[in-house]
Structures are given as structure tokens and as C-alpha cells.
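Just so we're clear, the structure is a prediction, and the values are computed from it rather than from any experiment.
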Amino acid sequence: MAPEARAKSPSLVRLAFGVVALAWSLAPVDAATARHARSQKPSPAPVRHLPYPELELPFQISGGQYAPVAWSEIAGWSADDHLAAYKAFRISCRPIAAQQKPPVDPKALGTSLRDPCRIAKGLELSDGAKARAFFEEHFLPVRISRLGEGEGFVTGYYEPIVDGSRTENEVYKVPVYRRPSNLFVRGTTQGSVGLPNKGQVFRKIGRRKLVPYYDRAEIEDGAIAGRGLEICFLKEQTDLLFSQIQGSARVSLDDGSTLRINYDAHNGFPYTAVGRILIERNIIPKDQMSMQKIREWMEQNPNEADELRRQNKSYVFFREVQLSDKDEAVGAQGVPLTPGRSIAVDKALHVYGTPFFIEGELPIESELSKTPFRRLMIAQDTGSAIVGPARADLYFGAGLDAGKVAGRLRHNARFVMLVPKSLDPGARGRKMPVPDARPSEQIAKLFPQTDPLKNPAKPPDVTAATNAKPAAPAATPPAAGPSQAPAVQAAAATPVPLPEPRPKVEAVSPQPRHLRRYRHRR
């Protein structure tokens, strides 16, 4: 060994020992870091099983959509007369708060109105600010509309005042019938008050046979005449028709007294709007349609009016109610209506007593005016033509003036439903699991989810799905050049095959393997 090499050997040995010591000192740290990294591996995402389980929604309104809003986002909320709405709400709360064990209600709000109604029952308010604070404290505003629409639809109704007589004579010859004894509705008895305004209605023949009840034309021709069903007699069939459409009427009798009649039953046929028929026949323009226009046309065309009226096969039977001239009409909830605060809603979807704030531009002052309408209304009535989650009939009172306003209302409006806080949709909705992320639109078009057993049709090609230009024919060679886009497009235009079921292969016993030994030479 050279002298220089012998001189450097001790330093090299010391350097080697230092590297080894450093490696041993870092080894525990690296091992701990690796163990920590292994322990911190992200947990796999939970596997969802198809189909997804049925999840309980906060509350569900068939055919409707809703979204919570803030009170400050409701146009006209702070300027409304909340005391008037509170008084109407307390009227609806009388039968609600009196319920001890109400039946299970399948509607969205169910029996949730009992809590605010019991509070309002013992709370006498005389100040609008306190009434507003009551609604804001016990309710949550939810904007509601039909699925896929932003606005609802409102019409108006009133209580007609018509002339009549207890006895038939040359002037008063149109009978107002009470419910016949042979009218049968499943699930009800003859003692039931106020039969449903929708559904099938039958006529009993003998003990067991049931047939559909008479329609309007048959009843007007005398099918049930002479059976003692007449409550009173009116002058014109038009007076009876409008009384049936409104569901109630005040009959000014020829002896000076007043008779009050209210809806009791119907004959089972769906309601057909005569105004719609006049629009379809180009007799009255749609923008000019009103109850006054219909009445004027019927008075000027009595023969055509008979045929038009009979297009509406629905017929309403009444009952006499003991109300004075100062009392308002009674709605389907069984409580007196409040002009300007009561509405009729779809009974199949909503609960009586529910507050609705309705906002729109309505022809209140005149036919052409657009009066701002921002008012809290209470659901207290229903009607056969009132269908949908954001559909309401606004009650304007009794008499000719109320009829003029109600008759020209057929307009869009925005609905906000007040939901009791016990059904907070936001709090309950936050507990619902979020569904899996949807694939992109292009991926969904490239790989349509079709069942080959149910739909054996040929899947669409990629070019049609992506709206691309059709590829060149296979026989035409691609143009020479650096770009290969036509070739790629032709390749992408081929249809994507669906996965085929795996063929069933029978298991085959393995054959014994013969091993050969080789001797390797060294």
C-alpha cells in the first residue's frame, strides 16, 4: 500500500462509521413516519346499494316545489294588516284547537297547526305589530309553486244575492234542490254534512245496483222533480248556475225575508268552465273574460245559453243554513269566511287554517288596473276547480260589487306558505344524505343506462349523441396530412357496445401436471 493511502485510511474509516451512525439514528424516525402515514390513509367512500333506500322528506306536497325564504325577502310583508289576518286565523283555530285526538292526516302539514292555534286561542291581540310578531315567531315562510313553475294562479269568488220564492209561480220557476236520498257516496251516510266535491257519486237502484247519478241536462229536464226536494225557486237558470259555481247564495224572498243556502253535495261529474268554452268558440276574447261577460251573453242568447250551460254536467245540491243577513258565508272548514282574507285551496294537498301570503298585480279597482296585492290569507274553503299546490280562490264577500271584482280575477301570483316551526324543512333537510355525484352530460350520452333485456334497440352512436358532424364513409381514405382528425372522428363514431352477460362455463377438473427435471451442468 502506498504511503498516501495508508495516511488516508483512518479518516475514511471514521467517515464510514459516521454515516452508519447517522443512518441508525434516522431509522426510527423514518419507521414512525411510515407507520403514521399508513394509519392516516383515507377511508374508502361508503358503498351505496341500488336502489337507494326510501328517505323521509321534511314534508312533501304532491306536484309542488318549495324553498325557504326570509321574511325580508317577501315583498309587502311588513306593510300588510297583520291584525286582520290574525283575526281570520283565530277563527280557523277554533275547530283545530278543540281537537283532542285528531286522525292522522296524510297532508304535508298534518296536525302541526294545533300548537300555534292553541297559543292564539288564549292570546287576544289588538296591535298589528304584535300580530306580525306572532306569525314570525311561530311560523317559517316557504315559497311554493307547482313543480317547474315560478308562480301560482288565483281567481275570485263571492256570495251571490239573487231573488227567489218559497213557492213556484210564473216568475220563480227554477228549483233549487237539496241533496236527494238516492244519492250515494262511498264512505258517507245520508247524515253526513257537506259531501266531498270530487269523486264518484252513484244513484241507488234497488238495494245493490249503483249507476252514475243524473247529469245537469237530466236534472233540468225533471229527473228528480216532484219529490219534495225543492228548497226554493229562482227566476233564471243563470242565477242557479252562478250560485252553484260560488257554492253559496243569499236568496231575497218575495215575502221580504232572506234565505241562506250553502253547498251540500254534487252529482259526481267534473266541473266544466263555461267561460273556457266561450273562449274556445271565439265568442268572448280571453283577455275580456269575466263572470259579467258570461252573464251578459247568456241573457242576450237564451237558446244558446241552454246548450252552453249543459256542457257543464256538474250539478250542485244545497242545504239551508241558519245565518242572518249580517253573517258571512260558511266555508268548507265550517267557519264563517272573512272577505279579503279567506281563500279556497286544494283540500287534497293543504290543511284548513294554513296561512298563505299572496303577492301579485290584480285588477281590483277596475278591469284594466294592476292593483298591488300583498296580503296574508287563511285557507278556509275549497272548490272542485281549485287544484294544485299554488292555486287559490280569493273570497271578496257578498253582493254585486264583490261579484264584479271576483269575476275578473284570473291572474298569476306568487305564493308563500307559512309552515309551523315544528316542521322546519331546512333543519330536517340538512339531515338527509347527499346523493352520488352525477356523471357529466357527455359521459351520460356516451354510455346510456339502458337495460338490454327490456330495450334491445340499437344504442345511439357517439356522433349523434354529441351533435358532431357525421363521419366520412369507411371506403373513403382520410386525406393526407399531419392532422389525423378525420380518422379519429371515424373511430369515435362507432357505436359503444353494451356489456354482454358473461357466458356460463362449466368447471373442468384440472389435468395432472407432469414435471420434468433438468440437470444443470456446472
Side-chain angles (χ1 to χ4, degrees), residues 54-71 73-77 85 88-89 92 96 104-113 116 135 138-157 196-199 247 270-271 273 276 331-333 337 341-362 373-395 409-429 432:
E54 293 291 337
L55 302 175
E56 182 181 359
L57 299 174
F59 63 87
Q60 190 172 7
I61 299 177
S62 178
Q65 62 186 15
Y66 57 88
V69 295
W71 295 108
E73 297 175 354
I74 305 175
W77 168 256
F89 177 71
S92 282
I96 296 176
V104 178
D105 200 328
K107 301 187 212 26
L109 263 62
T111 58
S112 62
L113 287 173
F135 288 112
H138 298 285
F139 291 90
L140 292 170
V142 174
R143 193 172 298 280
I144 184 172
S145 62
R146 189 186 294 272
L147 190 62
E149 300 178 1
E151 295 183 325
F153 190 74
V154 296
T155 51
Y157 74 113
N197 59 357
K198 298 178 183 178
Y271 170 76
R276 187 185 309 156
Q333 190 187 8
L337 302 177
R341 293 292 172 179
S342 298
I343 58 174
V345 296
D346 190 346
K347 184 182 178 182
L349 302 178
H350 297 300
V351 178
Y352 292 139
T354 304
F356 285 87
F357 191 84
I358 298 179
E359 173 200 350
E361 308 295 330
L362 305 180
F373 189 91
R374 286 87 169 108
R375 195 173 296 182
L376 184 59
M377 316 288 282
I378 310 300
Q380 296 175 331
D381 205 354
T382 189
S384 59
I386 313 303
V387 180
R391 175 72 172 91
D393 213 8
L394 282 59
Y395 178 69
L409 256 65
R410 294 182 58 86
H411 294 73
N412 293 330
R414 291 165 291 279
F415 283 64
V416 174
M417 180 172 64
L418 271 58
V419 179
K421 285 192 174 180
S422 60
L423 292 180
D424 184 0
R428 299 179 67 179
M432 297 180 61

For residues Ser145 and Arg414, is any side-chain donor paired with an opposing acceptor at under 3.5 Å?
-> no
Run the numbers on Phe356 and His350 for ring-ring contact (aromatic ring centres under 6.0 Å, His included), then give the verdict.
-> CA-CA 11 Å; Phe356 285 87; His350 297 300; 5.0 Å; yes
Step-by-step side chain to side chain contact (heavy atoms under 4.5 Å, CB included) determination, Val69 to Val142 = CA-CA 6 Å; Val69 295; Val142 174; over 6 Å; no
Test item: Gln65 side-chain N/O and Gly148 main-chain N/O as donor-acceptor pair under 3.5 Å | yes
Tightest non-hydrogen contact, residues Pro389 and Gly63, listed as CG-O, 3.8 Å
Distance-minimising heavy-atom pair for Val387 and Asp346 | CA-OD2, 3.5 Å
Between Pro141 and Phe357, is any pair of side-chain heavy atoms under 4.5 Å apart?
-> no
Closest approach of Trp71 and Phe139, non-hydrogen atoms and distance?
-> CZ2-O, 3.4 Å
Heavy atoms of Arg341 and Ala88 approach each other most closely as CB-CB, 4.1 Å
Between Leu423 and Leu140, is a side chain to side chain contact (heavy atoms under 4.5 Å, CB included) present by the stated rule, with each step listed?
-> CA-CA 9 Å; Leu423 292 180; Leu140 292 170; over 6 Å; no
With a 4.5 Å limit on heavy-atom distance, are the side chains of Leu349 and Ser62 in contact?
-> yes
Separation between CE of Met417 and CD1 of Ile144, rounded to the nearest 0.5 Å | 4.0 Å
Quick one: pull up CG in Asn412 and CD in Glu359 and give me the separation to the nearest 0.5 Å.
-> 12.5 Å
Should Leu394 and Arg375 count as side-chain neighbours, where that means a heavy-atom distance under 4.5 Å?
-> no
Is atom CZ of Arg410 surrounded by more than 12 heavy atoms (other residues, nucleotides or ligands) closer than 6.0 Å?
-> no
Point-to-point distance, once rounded to the nearest 0.5 Å, from CZ of Phe415 to CZ of Arg146 | 10.5 Å
Audit row: Ile378, Ser342, side chain to side chain contact (heavy atoms under 4.5 Å, CB included) steps and yes/no | CA-CA 5 Å; Ile378 310 300; Ser342 298; 5.8 Å; no
What are the two closest non-hydrogen atoms of Tyr271 and Ser384, and how far apart are they?
-> CB-OG, 3.7 Å
Evaluate the side-chain proximity of Leu409 to Leu362: yes if any heavy-atom separation is below 4.5 Å, no if none is.
-> yes
If you take all heavy atoms of Thr382 and Val345, which pair is closest and at what distance?
-> OG1-O, 2.8 Å
Could you tell me whether Glu361 and Arg374 make a salt bridge, using a distance below 4.0 angstrom between a side-chain N and a carboxylate O?
-> yes
Asp381 side chain to Tyr157 side chain, donor-acceptor N/O pair below 3.5 angstrom | yes
CA sep, side-chain torsions, deciding dist, call: Thr354, Leu418, side chain to side chain contact (heavy atoms under 4.5 Å, CB included) | CA-CA 7 Å; Thr354 304; Leu418 271 58; 5.9 Å; no
Taking the side chain as every heavy atom from C-beta outward, state whether Arg391 and Phe153 have any atom pair closer than 4.5 Å.
-> yes
Asp393 side chain to Gly156 main-chain N or O, any donor-acceptor pair under 3.5 Å?
-> yes
Nearest-0.5 Å distance, OH of residue Tyr395 to CD of residue Gln380 = 10.5 Å
Do the side-chain N and O atoms of Gln333 and Ser92 include a donor-acceptor pair separated by under 3.5 angstrom?
-> yes
